Protein chains: 2
Amino acid sequence: MTPRTPAPRSRRERPAKPALTYEGIVETAVRLMEAEGLQRVTMRRLAQELDTGPASLYVYVANTAEPHAAILDELLGSVDLSPTAGEGDGDGDWRDRLTQVLISYTRVLLENSALAHSALVARPSGSNNLALVEAILTLLHEGRVPGPQAAWGVDVLLQTATATAAEHSTRAHAVDSADEHNALVTAVRGASPGTHPRIAALADDLVSGTPEQRLTWIFHSVINGTLTTERPAP
Amino acid sequence: MTPRTPAPRSRRERPAKPALTYEGIVETAVRLMEAEGLQRVTMRRLAQELDTGPASLYVYVANTAEPHAAILDELLGSVDLSPTAGEGDGDGDWRDRLTQVLISYTRVLLENSALAHSALVARPSGSNNLALVEAILTLLHEGRVPGPQAAWGVDVLLQTATATAAEHSTRAHAVDSADEHNALVTAVRGASPGTHPRIAALADDLVSGTPEQRLTWIFHSVINGTLTTERPAP
DNA sequence: ACCTGAACACCGTTCAAGT
DNA sequence: ACCTGAACACCGTTCAAGT
């Protein structure tokens with residue numbers, strides 16, 4: 001595509017091969033993920049990218065999950081937290097602004113499909129995740145949600161967003177997606193009113209709504225639950 | 001352990017090697033999972049168990065995810081739906097009974113760790129899943145939750161339960177678990193009141209409660225959200 | 001201390017060839 | 001139509017040996 005690149009003198013073509021350090025490994029992992037997806041971020045592939053053997057990486061990371069978690073922490077930096085401060089006025093009440101933050105988070109995970117699965121398991125504790133938690137707590141505080149409920153609610157909110165992203169990520173393969181959706185619709189529509197009266201009665205409602213509508217309702221619903229559900233006395 | 005088993009005459013030791021059919025494959029998959037965990041239910045291992053090569057299985061199943069989904073459908077049969085009918089009186093109001101069903105579902109997935117991940121992606125549509133959905137809808141109906149909200153709420157309830165199981169499953173490895181929990185506690189406690197005032201203010205609440213207390217609160221909270229959150233006009 | 005080659009013990013999936 | 005051997009293209013992780 002750019003044929004006038006001069007032929008390299010030595011065989012070190014890469015621009016200053018990244019040093020074999022934890023930071024260098026993570027940096028390469030992020031680049032690799034952006035270029036080819038998380039499924040390619042394997043110890044062997046990573047080692048290849050760093051011009052070494054897989055065994056060398058084990059001096060810096062304990063296992064494959066570690067670079068994956070580091071990538072996740074990195075990406076959490078691109079979540080849009082601006083609705084927290086109520087910038088650009090007219091952004092709606094605290095509920096709507098919290099929903100905006102959660103939808104931004106969901107989108108970040110959705111774009112990097114396989115990452116959502118890591119997020120569900122990894123419990124990121126990096127600084128970007130801390131900032132996200134702080135933002136959610138701030139908005140719940142603005143909404144006068146009692147502290148103890150807010151503290152447990154933030155977990156549910158993030159879990160819901162993460163699970164939604166994880167659910168959709170693997171479903172994103174066009175054909176399979178259609179098949180699976182049809183299987184669900186068929187199962188629901190085929191439910192006999194005799195054995196499954198409630199499913200039969202609500203068949204339309206069960207499969208209605210656009211993904212956006214459902215996601216917005218889900219977040220509002222979980223926010224309301226957090227607001228109205230008292231914690232048991234300790 | 002039972003040393004008086006007579007030596008087999010032929011080398012066919014297995015009791016009537018299961019026929020190579022879809023049902024036979026699923027049956028073997030379930031047995032293998034119960035004996036060695038889902039991570040051992042691979043095409044190669046399954047083929048070995050059926051005295052054949054992996055290629056042969058592709059006549060009956062499209063990929064590895066298919067037997068996994070079949071196992072999941074099977075296990076959903078052991079979820080305790082009895083609280084739905086209000087049997088054994090004194091089981092509490094509809095909210096408590098719904099929580100009991102959801103906790104039973106969570107436990108089934110928790111016992112079979114890796115399965116929760118499949119559940120998040122597979123959208124099971126087998127008959128046991130249909131019965132579970134019907135049970136949840138019945139309890140929501142008893143609680144006079146408006147149909148359209150119940151229809152969307154059942155998804156959130158199951159997703160929450162599934163995600164909780166998925167989260168805990170991989171965290172069940174004792175040492176890693178302690179490390180990760182400490183990392184979280186350290187991150188929360190170390191949050192400076194200057195940059196993260198809400199986290200600092202709620203540090204204790206963020207990490208308080210037993211898993212059982214938290215899970216019960218989560219279900220009550222999501223149930224309340226479903227009850228009180230109207231769906232947008234279509 | 002850091003790095004490596006080589007090995008161990010696996011994967012999913014495809015395909016040409018056989019019965 | 002069904003089944004198979006063999007291959008292709010990979011995995012994570014460990015460890016003895018080198019520098």
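Keep in mind it's a predicted model, so treat the numbers as computed, not measured. A, B, ... follow the sequence lines: proteins, then strands. Residue 1 opens every chain.
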- Message: Expressed as a whole number of angstroms, how long is the span from B:L20:CG to D:dT4:P?
- Response: 7 Å

- Convert the base pairs of DNA chain D into dot-bracket notation, remembering that pairs crossing earlier ones are written with [ ] and that bases paired across to another strand are shown as |; include only Watson-Crick or G-U pairs under 3.5 Å. ||.|||||...|||||.||

- Message: With side chain to side chain donor-acceptor pair (under 3.5 Å) as the rule and sequence neighbours excluded, what pairs involving residues 33-43 of chain B come up?
- Response: B:E36-B:R45

- A:Q159: partners by side chain to side chain donor-acceptor pair (under 3.5 Å), with sequence neighbours left out: B:T164

- Rounded to the Å, how far apart are B:R45 CZ and C:dT13 C1'? 19 Å

- Task: Can you sort out which residues in residues 64-74 of chain A have a heavy atom within less than 4.0 Å of DNA chain D? Ascending by number, please.
- Result: A:T64

In a table with atom names and distances, give each donor-acceptor pair under 3.5 Å that connects a side chain of residues 104-111 of chain A to protein atoms at least two apart or in another chain.
unit_1 : atom_1 : unit_2 : atom_2 : d
A:S104 : OG     : A:D80  : N      : 2.8
A:Y105 : OH     : A:T162 : OG1    : 2.8
A:T106 : OG1    : A:L102 : O      : 2.7

- Which residues satisfy the side-chain contact (heavy atoms from CB on, under 4.5 Å) test with A:Y58, sequence neighbours excluded? A:M43

- Message: Taking salt bridge (Lys or Arg N to Asp or Glu O under 4.0 Å) as the definition, give me every residue that meets it alongside A:D205, ordered by chain and number, with sequence neighbours left out.
- Response: B:R231

- Item | Non-neighbouring partners of B:S56 that pass side chain to side chain donor-acceptor pair (under 3.5 Å), sequence neighbours left out | B:T52

- Base, backbone or nothing for each nucleotide of nucleotides 14-19 of chain D, written B, S, -, heavy atoms under 4.0 angstrom, 5' to 3'? BB----

- Item | Separation of the C1' atoms in D:dC8 and C:dC10, to the nearest angstrom | 16 Å

- Message: Whole angstroms only, please: what is the CG-C1' distance between A:L32 and D:dC11?
- Response: 15 Å

- C:dC11 phosphate, OP1 or OP2, under 4.0 Å from B:T42 side-chain N/O: yes

- Using 30° and 60° as the class limits, which term best fits the ring planes of B:H117 and A:H117: parallel, tilted or perpendicular? parallel

- By side-chain contact (heavy atoms from CB on, under 4.5 Å) - contacts of A:A131 (at least two apart): A:L81

- Whole-Å distance separating the CG atom of B:L46 from the C1' atom of C:dC10: 16 Å

- Result of checking B:I223, B:T99, B:L139 against B:L157 for side chain to side chain contact (heavy atoms under 4.5 Å, CB included): B:I223

- Between A:N63 (CG) and D:dT13 (P), how many Å, whole number? 5 Å

- Mind checking A:S56 for me? I need base, sugar-phosphate or nothing, with any heavy atom below 4.0 Å counting as a touch. base

- Note on the structure: Taken to the nearest whole Å, OH/A:Y22 to C1'/C:dA1 is 20 Å

- Using the test side-chain contact (heavy atoms from CB on, under 4.5 Å), find all partners of B:P54 that sit at least two apart in sequence or belong to another chain. B:R44, B:A47

- Item | Whole angstrom value for the distance that separates P of C:dC11 from CZ of A:R44 | 15 Å

- Between D:dC2 atom P and B:Y60 atom OH, what is the distance in whole Å? 6 Å

- Residues forming a side-chain contact (heavy atoms from CB on, under 4.5 Å) with A:E74, sequence neighbours excluded: A:V30

